[in-house]
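Written below as structure tokens is the structure these notes are about.
Quantities reported herein were computed from a predicted structural model and do not represent experimental measurements.
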Amino acid sequence: MALRQILEYPNPLLKKRAAPVAAIGGEVVTLIEDLAETMYAAPGVGLAATQVGVGQRVIVLDIHREDEAPGKRLLKLINPEIAEREGEVVWEEGCLSVPGLTAPVKRARRVLVRAWTPAEREVQVEAEELLAVVLQHEIDHLDGRLFLDRLSRLKRLYRARQRKLERQGRKSGGARPLLI
């Protein structure tokens, strides 16, 4: 297992749609292990392969309770697709690829996701509230979308701030969000 570098906005690789995984083999399993290790080290609750510059439809997420050890609820999903959406919820989201910013984002309250596991089993994940939000957030990454794309005015302000900092030769400061 190895820690991978998490790409940050405005890296153009974050806007590319990931390709489906054709065959689940050793490289995909290694990618999943690296994603999990990188996510926990960040720290975050979800990470998509596109966030580390790999254009494959692979995500990991772990929504564990505070009294549980990380890893107990780790989901490793290959080629995840949202099959059903229901309801609406607004959640304060952050992103490891957009450090220093959180914002309220409107998502489906409940989703049904179909995917494959590293053991080559097809699974269905029924999720509500936070788990549903994280699944949608990570699948958005696979589709080349950031949570910024779901914002309007705030998105433009953040982009302008990033461009200004880049012209000054600085990176954005602040702690990484603990969210997604």
Side-chain angles (χ1 to χ4, degrees), residues 1 4-7 9 11 13-65 68 70-98 105-150 177-180:
M1 293 194 311
R4 300 212 186 185
Q5 179 182 357
I6 297 173
L7 303 178
Y9 178 84
N11 190 307
L13 293 177
L14 293 168
K15 300 301 284 175
K16 292 192 181 246
R17 184 174 173 81
V21 173
I24 301 171
E27 286 182 25
V28 172
V29 171
T30 298
L31 171 62
I32 289 170
E33 291 171 359
D34 291 354
L35 286 174
E37 183 177 349
T38 303
M39 175 189 69
Y40 289 129
V45 296
L47 192 64
T50 52
Q51 289 180 273
V52 297
V54 178
Q56 293 187 302
R57 295 189 73 79
V58 176
I59 61 173
V60 296
L61 52 136
D62 187 353
I63 311 296
H64 61 276
R65 296 189 312 255
E68 292 178 326
K72 184 172 181 157
R73 295 180 188 256
L74 178 63
L75 287 177
K76 306 169 187 179
L77 302 176
I78 301 163
N79 296 334
E81 297 293 335
I82 297 173
E84 296 177 16
R85 299 173 195 263
E86 185 178 292
E88 189 176 282
V89 65
V90 175
W91 209 279
E92 187 77 14
E93 292 187 30
C95 181
L96 296 172
S97 291
V98 186
V105 178
K106 190 185 302 184
R107 303 264 187 192
R109 178 179 299 281
R110 182 187 111 22
V111 295
L112 174 68
V113 173
R114 291 191 177 109
W116 292 86
T117 69
E120 299 186 44
R121 282 193 4 242
E122 191 171 15
V123 295
Q124 292 190 116
V125 179
E126 291 185 47
E128 293 183 352
E129 302 290 332
L130 178 59
L131 181 56
V133 168
V134 175
L135 282 163
Q136 291 169 85
H137 181 106
E138 298 309 330
I139 292 171
D140 269 0
H141 276 298
L142 299 179
D143 293 335
R145 293 186 74 181
L146 295 169
F147 85 107
L148 293 175
D149 297 324
R150 296 187 176 275
L178 181 60
L179 292 175
I180 311 159

Any ion pair linking [Y] and [X] (charged N to carboxylate O, less than 4.0 Å)?
X: Glu93; Y: Arg107; value: yes
X: Glu81; Y: Arg57; value: yes
X: Asp34; Y: Arg4; value: yes

Between [X] and [Y], is any pair of side-chain heavy atoms under 4.5 Å apart?
X: Ile32; Y: Ile78; value: yes
X: Cys95; Y: Gln51; value: yes
X: Leu146; Y: Asp140; value: no
X: Leu135; Y: Val125; value: yes
X: Ile82; Y: Ile139; value: yes
X: Val123; Y: Leu77; value: yes
X: Glu88; Y: Lys106; value: yes
X: Asp62; Y: Val45; value: no

Measure the spacing between [atom1] of [X] and [atom2] of [Y] and express it to the nearest 0.5 Å.
X: Phe147; Y: Trp91; atom1: CZ; atom2: CH2; value: 15.5 Å
X: Glu122; Y: Gln124; atom1: CD; atom2: CD; value: 7.5 Å
X: Arg73; Y: Ile63; atom1: CZ; atom2: CD1; value: 10.0 Å
X: Thr38; Y: Leu31; atom1: OG1; atom2: CG; value: 9.0 Å
X: Glu84; Y: Leu112; atom1: CD; atom2: CG; value: 4.5 Å
X: Asn11; Y: Gln5; atom1: CG; atom2: CD; value: 8.5 Å

Check [X] against [Y] and note the closest heavy-atom contact, atom names and distance.
X: Leu142; Y: Ala48; value: CD2-CB, 4.0 Å
X: Glu138; Y: Gly46; value: OE2-C, 3.2 Å
X: Pro80; Y: Val113; value: CB-CG1, 3.9 Å
X: Ala36; Y: Val60; value: N-CG2, 3.9 Å
X: Leu14; Y: Thr50; value: CD2-O, 3.9 Å
X: Pro20; Y: Asn79; value: CA-OD1, 3.3 Å

| message | Could you go through Ile59 and Leu61, starting from their C-alpha distance and side-chain angles, then the distance that decides it, and tell me whether this counts as side-chain contact (heavy atoms from CB on, under 4.5 Å)? | response | CA-CA 7 Å; Ile59 61 173; Leu61 52 136; 3.7 Å; yes

| Glu129 and Arg110: CA distance, side-chain angles, deciding distance, salt bridge (charged side-chain N to carboxylate O under 4.0 Å, His left out) verdict | CA-CA 7 Å; Glu129 302 290 332; Arg110 182 187 111 22; over 6 Å; no

| task | Decide yes or no on side-chain contact (heavy atoms from CB on, under 4.5 Å) for Leu47 and Val52, but give the supporting numbers first. | result | CA-CA 9 Å; Leu47 192 64; Val52 297; 4.2 Å; yes

| request: Could you give me the CA-CA distance, side-chain angles and deciding distance for Leu74 and Tyr40, then say whether side-chain contact (heavy atoms from CB on, under 4.5 Å) is met? | output: CA-CA 10 Å; Leu74 178 63; Tyr40 289 129; 3.6 Å; yes

| said: Please evaluate residues Ile24 and Trp116 with respect to the criterion side-chain contact (heavy atoms from CB on, under 4.5 Å), reporting the C-alpha separation (whole Å), side-chain torsions for both, the decisive distance (0.1 Å), and the verdict. | reply: CA-CA 9 Å; Ile24 301 171; Trp116 292 86; 4.0 Å; yes

| task | With sequence neighbours excluded, tell me which residues meet side chain to side chain contact (heavy atoms under 4.5 Å, CB included) with Ala132. | result |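 Scan of Ala132 (side chain to side chain contact (heavy atoms under 4.5 Å, CB included), adjacent residues dropped) gives Val111, Ala127, Gln136.
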
| Can you tell me if CD on Glu27 sees more than 12 non-hydrogen neighbours from other groups inside 6.0 Å? |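 Open.
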
